[in-house]
Protein chains: 2
Amino acid sequence: MPQEPIDAAKSLFIRRWGEMGATWGISRTMAEVHALLYLAPEPMCTDEVMDQLAISRGSASMNLRELENWGLIQRLHRRGDRKEYFQAEQDVWQMFETIMRERRRREVLPIMETIERCTDMIDQNHTKLRGDARRQVDDCRQRFADILEFCEMMNTMFNLMSQAGRTGVRSVAKQIGKFLRER
Amino acid sequence: MPQEPIDAAKSLFIRRWGEMGATWGISRTMAEVHALLYLAPEPMCTDEVMDQLAISRGSASMNLRELENWGLIQRLHRRGDRKEYFQAEQDVWQMFETIMRERRRREVLPIMETIERCTDMIDQNHTKLRGDARRQVDDCRQRFADILEFCEMMNTMFNLMSQAGRTGVRSVAKQIGKFLRER
DNA sequence: TAGCCTTTTCAGAAGATATTGAAAGGATCA
DNA sequence: TGATCCTTTCAATATCTTCTGAAAAGGCTA
C-alpha cells in the first residue's frame, strides 16, 4: 500500500491502532477497519476495505457489521449503486462516548449486578455468624462495597463528561484544577 | 469450592471478574487470580492460589509475576517460612490509578508518538501539493490532530483524578455537576 | 421470473494465546 | 555440602479466536 507519504502515514496509523485495539480486547482487524474508515476521505465499500487491508470478504463483512453494532460506523446506500458504503463516526468525542456507553452496558453493569448479588448472598446467614467468621464476612462485604462505589463513581464521571462534551471537557478540567488548588 | 455462602459469593465474583478482564484484554486467569487475592482476608501462597482456581503451578507462577509487574499485587515473605505470599492492593482507587498509569505508559503514549510521527510524514511534501491532493492531506492531518488532542485531554483528566484521589473525586463530581448546571 | 450483483453465513483451516508438567534453578538449613 | 523446599522456565499441548472461501441467501432490474 505505501506509496505516497500520506498512504504510508495512514498505513502506519492503521497498524498501530489495530495493535492497540488488540490490547484493549478489540480484535486487531476490527480496529484496523475502524482506523481505515476513520481516515478515509469518503465512505468505502466492502471491496475497498478488503483490498486495503488484505482480508477476506467474510472477515470484512463480519467486522463491518460488528463495528455497526457498536455504533462506530454507519452503513450508506448510494442511488444507482447496489453496493453498500461505510463511514466512520468522525467526532472523536462522540466515538469515545459511544465506546464507553457500550462497554458500560455490556461489561460494567453486569459486574455491578453480580456484586449486588454477591452481597445479598453473604448477607444470607450473616446474623448467625460470630467471631472470626463474622469478621471475614464483614471484611468481604466491605470489599464488594468498595468496588461498587467505585463503579458508581465512574458512571457519574462518565455521565458528566458526556454531558460536558467535546468543548466542555476542557473547561471542566480547568474547574477541577482550580478546585484542587483551592481546597 | 462453594460451600458456605461466602465461598459461593467469592467464587461467583471471581468468575465474573475474570470474564470482564478478558473483554478488556487481560487474560481470564490473571484477572481471576487478582480477584481471588483482592477478596482474600490474608496473603495467599502459590499453592493456595493453584488449589482455589484449579490451575497449574506454571500458570500460577506466570500470572502472579505478571500481576506483580503491573503493580497490582505484592510479594511477601514470612519469617521462618520459605514460601512466598501474595497480597493484592486493597484500595480500589489506588488499583485504578495503577492500571491507568500502566496502560497509558504501555499503550497510550506509544500511539501518541505514532500519531506525531504520522503527522510529520504527511507534512514532508505538503507544500508541494495542490488542489484535491492537498485537501486530502489537510483533512487527514486534522483527524490525526483530533485524536491527539483527545489523548492529551484524557491524560489531563487522568492526572487530575489521580491528584484528587478517592475522597477528592466525589467533590470534583459535585463541582462539575454544579458547573454544568450554571454555564 | 430469471439473471445479475452483493452480502451473509459457516464449517474448516490457520493462527494466536494460555496452560501444563516436568526439569532446571535458587535459596535456606543442618 | 547435601538435602529440602519452593519458584521459574519452557517445549509441547490444549484451547480459544479469527480468518477464509465458497455456497447460500437476499434483493434489484428487466
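Here is how names work: the chains are called A, B, and so on, in the same order as the sequence lines, proteins then strands, and each is numbered from 1.
In terms of phosphate contacts, A:Ser61 brings no side-chain nitrogen or oxygen within less than 4.0 Å of OP1 or OP2 of C:dT7. Considering only side-chain N and O atoms, A:Arg65 lies under 4.0 angstrom from the phosphate OP1 or OP2 of C:dT9. For B:Thr46, a side-chain nitrogen or oxygen approaches OP1 or OP2 of D:dT7 to under 4.0 Å. Listed pair B:Arg75 / D:dT7 fails the phosphate criterion, with no side-chain N or O lying under 4.0 Å from OP1 or OP2.
Annotation for B:Arg117: atom CZ does not count as buried by contact number, only 12 or fewer foreign heavy atoms lying within 6.0 Å.
Whole-Å rounding puts the B:Asp47 CG to D:dC5 P distance at 13 Å. When rounded to the nearest whole Å, the span between CZ of A:Arg79 and C1' of D:dG27 equals 16 Å. Note: NZ (A:Lys83) to C1' (D:dC28) measures 15 Å, nearest angstrom. Separating the CD atom of A:Glu84 from the P atom of D:dA25 is a distance of 19 Å, rounded to the nearest angstrom. To the nearest angstrom, P of C:dT7 lies 10 Å from CE of A:Met50. Distance, A:Glu19 CD to C:dT17 C1': 17 Å, rounded to whole Å. If you take CG of B:Leu76 and P of D:dC6, they are 16 Å apart, rounded to a whole angstrom. Protein atom CG of B:Asp51 is 13 Å distant from nucleotide atom P of D:dC6, rounded to whole Å.
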Quiz item: Which parts of nucleotides 22-30 of chain C does protein reach within less than 4.0 Å, heavy atoms only, written one letter per nucleotide 5' to 3' as B for base, S for sugar-phosphate only and - for none?
Solution: -----BBS-
Strictly under 3.5 Å: I want the nitrogen or oxygen pairs between protein and nucleotides 14-18 of chain D, one per line.
none

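Taking the side chain to side chain donor-acceptor pair (under 3.5 Å) definition, one finds that B:Gln74 meets it with nothing, sequence neighbours left out. Applying the side chain to side chain donor-acceptor pair (under 3.5 Å) rule to A:Gln136 yields no partners; only residues at least two apart in sequence or on another chain are considered. The salt bridge (Lys or Arg N to Asp or Glu O under 4.0 Å) check on A:Asp91 picks up A:Arg166, with sequence neighbours excluded. Applying the side chain to side chain donor-acceptor pair (under 3.5 Å) criterion to B:Glu68, with sequence neighbours excluded, gives B:Arg75. Residues forming a ring-ring contact (aromatic ring centres under 6.0 Å, His included) with A:Phe144 (at least two apart in sequence, or on another chain): B:Phe13. Scanning for side chain to side chain donor-acceptor pair (under 3.5 Å) contacts around A:Arg143 gives A:Asp139, B:Gln90, with sequence neighbours left out.
Looking at A:Ser61, its side chain never comes within 3.5 Å of a backbone N or O of A:Gly58 through a donor-acceptor pair.
The C1' atoms of five pairs define one axis at each end of the helix from C:dT1-D:dA30 to C:dA30-D:dT1, and these two axes lie 20° apart (to 10°).
When each of B:Arg134, B:Arg135, B:Gln142 is tested with B:Asp138 by the rule side chain to side chain contact (heavy atoms under 4.5 Å, CB included), just one qualifies, namely B:Arg134.
Clustering of Ile, Leu, Val, Met, Phe, Trp and Tyr by side-chain heavy atoms under 4.5 Å joins A:Tyr85 with A:Leu76. Members clustered with A:Leu12: B:Met121, by chain and number, using a 4.5 Å side-chain heavy-atom cutoff among hydrophobic residues.
The list of ring pair (Phe, Tyr, Trp, His ring centres under 6.0 Å) pairs with a residue in residues 93-122 of chain A, not counting sequence neighbours, reads A:Trp93-B:Phe150, A:Phe96-B:Phe150.
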